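Below: one structure, written as structure tokens.
Ligands are counted one by one from 1 in listed order, and the atoms in each one are counted from 1 as well. These numbers were taken from a predicted model, which means no experiment stands behind them. FYI, the numbering just counts along the sequence from 1.
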Amino acid sequence: MRSYHVRTLGCQMNVHDSERMAGLLQSNGYVPVIDVPEHAQRATSAGDEGADVVVINTCSVRENAATRLFGNLGQLASVKRERPGMQIAVGGCLAQQMRQGIIDKAPWVDVVFGTHNLDVLPVLLERSRHNADAQVEIEESLKVFPSTLPTRRDSHWAAWVSISVGCNNTCTFCIVPQLRGKERDRRPGDVLAEVGAVVSEGALEVTLLGQNVNSYGVSFGDRGAFAKLLRACGEIDGLERVRFTSPHPAAFTDDVIDAMAETHNVMPSLHMPLQSGSDAVLRAMRRSYRSAKFLGILERVRDRMPEAAITTDIIVGFPGETDQDFEDTLRVVEESRFSSAFTFQYSPRPNTPAADREDQIPADVVAERYARLIELQERIGTAENEACEGREVEVVVSEGLGRKDGATARISGRARDNRLVHVAVPAGAKEPRPGDVVISVITHGAPHHLVADSAQYSLRRTRAGDIWEAAKAAPPAGVSLGMPSIRVGA
Ligand code: SF4
């Protein structure tokens with residue numbers, strides 16, 4: 001019996017794919033690494049060196065992706081010297097991009113596979129062991145929709161459900177279309193069947209996942225398909241929360257806003273990537289909306305869902321960005337009132353059009369602009385969170401009683417609008433379990449989270465909580481080494 005561990009270095013799509021890799025390995029007889037014995041804890045903070053197979057699921061979108069990959073591989077090299085039977089596999093976007101180059105730089109890697117052929121992972125591991133040779137297999141287009149593969153979900157109460165893979169856009173900073181290919185949509189019936197299945201297994205929250213969810217349906221001739229999908233999710237018994245990521249401002253239509261507002265279980269939260277508030281920079285990025293359109297979408301969303309929390313992505317220092325362009329971004333951020341923002345300093349990604357531009361912005365200018373943006377967003381995020389004080393909040397628990405601050409024991413979880421909330425559990429109250437739902441009142445808004453230390457507190461125990469408790473009482477068979485078998489953000 002061989003054990004495995006998956007390290008996930010990327011975005012939500014990588015997390016989804018990692019769950020498939022784990023499912024594939026388990027259906028081929030591998031067992032997850034689950035509890036940490038002392039020697040493994042001492043060995044490394046990562047803790048997965050005891051696994052017979054370590055899979056690294058890479059990302060090309062995040063900064064320093066290659067540095068992070070080879071940092072991970074360097075660390076595993078010394079482990080492998082001590083345990084020659086161990087195998088290392090590298091998959092995901094960077095594997096799709098670098099291919100044999102990974103083996104050339106790290107000859108101790110056993111398997112390299114791409115984004116289009118997750119299904120071959122067990123076969124390649126076997127073949128590599130048998131032949132005592134590295135195996136590299138990359139496909140140019142998708143053969144098997146990853147969602148049809150076996151899965152091992154990391155959360156019992158929340159699930160990712162992929163509605164499409166790939167992207168038809170050509171944003172000049174982004175490598176995704178080259179690595180994930182053209183958009184391919186799943187049929188609505190398949191998506192809804194998977195949503196129904198995960199709910200019947202205990203999930204109460206589903207996040208619909210695609211690189212550009214609003215263009216869902218174009219490939220089968222139904223431009224209204226995404227709004228219809230949201231409404232259909234509203235019909236699924238037991239599904240309490242529906243979220244989606246990522247939409248694209250260019251394709252975000254009012255029928256989706258209406259479906260969000262009118263479907264009881266679609267949550268009032270929206271992640272809407274701005275990238276830049278300058279129309280000139282948006283044009284250079286080949287993003288086909290302009291700032292006025294973006295602000296118009298936010299206005300209409302808030303008109304229909306006044307309590308919606310809106311988050312975003314912003315890139316600072318795109319090639320050619322002038323002081324005025326950056327001031328435009330600050331203006332749009334000020335007007336948008338984001339509850340939080342993922343902010344990035346532009347750094348060229350090899351093989352993207354923007355990487356070849358000669359008007360790259362000096363690093364000190366980018367850093368200075370970035371600091372100003374962070375300062376502005378911190379102020380806005382704090383004010384938006386403070387405005388929540390006094391409101392009732394419903395939280396799905398993701399972490400049980402962990403932090404004890406004097407007499408106050410708090411659980412953590414996400415509100416309906418996806419804000420992170422720490423909720424005080426009154427002394428003597430029944431302990432909430434991950435997947436349970438608590439209701440309280442916000443007493444403090446901090447820059448990045450809310451605190452609910454109110455005496456008004458109630459707990460709803462859920463089937464998801466029951467499942468967590470049952471699993472805790474009788475953990476699944478596995479090799480006792482560790483942490484969740486899928487780890488994000490190594
Ligand atoms: S919409 Fe643009 S940024 Fe998003 S995946 Fe497609 S090309 Fe990349």
- line: d(L229 CG, Y216 OH) to nearest 0.5 Å is 5.0 Å
field: Derivation and outcome, side-chain hydrogen bond (donor to acceptor under 3.5 Å, both in side chains), residues R419 and N385
entry: CA-CA 9 Å; R419 283 180 163 99; N385 283 350; 2.7 Å; yes
query: Can you find a heavy atom in the side chain of I103 that is under 4.5 Å from one in the side chain of V112?
result: yes
task: Return the orientation label for the Y289 and F294 ring planes: parallel under 30°, perpendicular over 60°, tilted otherwise.
output: tilted
- line: Sorted by chain and number, protein N/O/S atoms nearer to atom 2 (Fe) of ligand 1 than 2.8 Å are C171 SG
message: As a quick check of understanding, evaluate side-chain contact (heavy atoms from CB on, under 4.5 Å) for N168 and E183, giving each step before the final call.
response: CA-CA 6 Å; N168 292 341; E183 180 173 324; 3.6 Å; yes
task: Would you verify whether the NZ or CZ of R372 falls within 45 degrees of the ring axis of F326 while also being under 6.0 Å from that six-membered ring's centre?
output: no
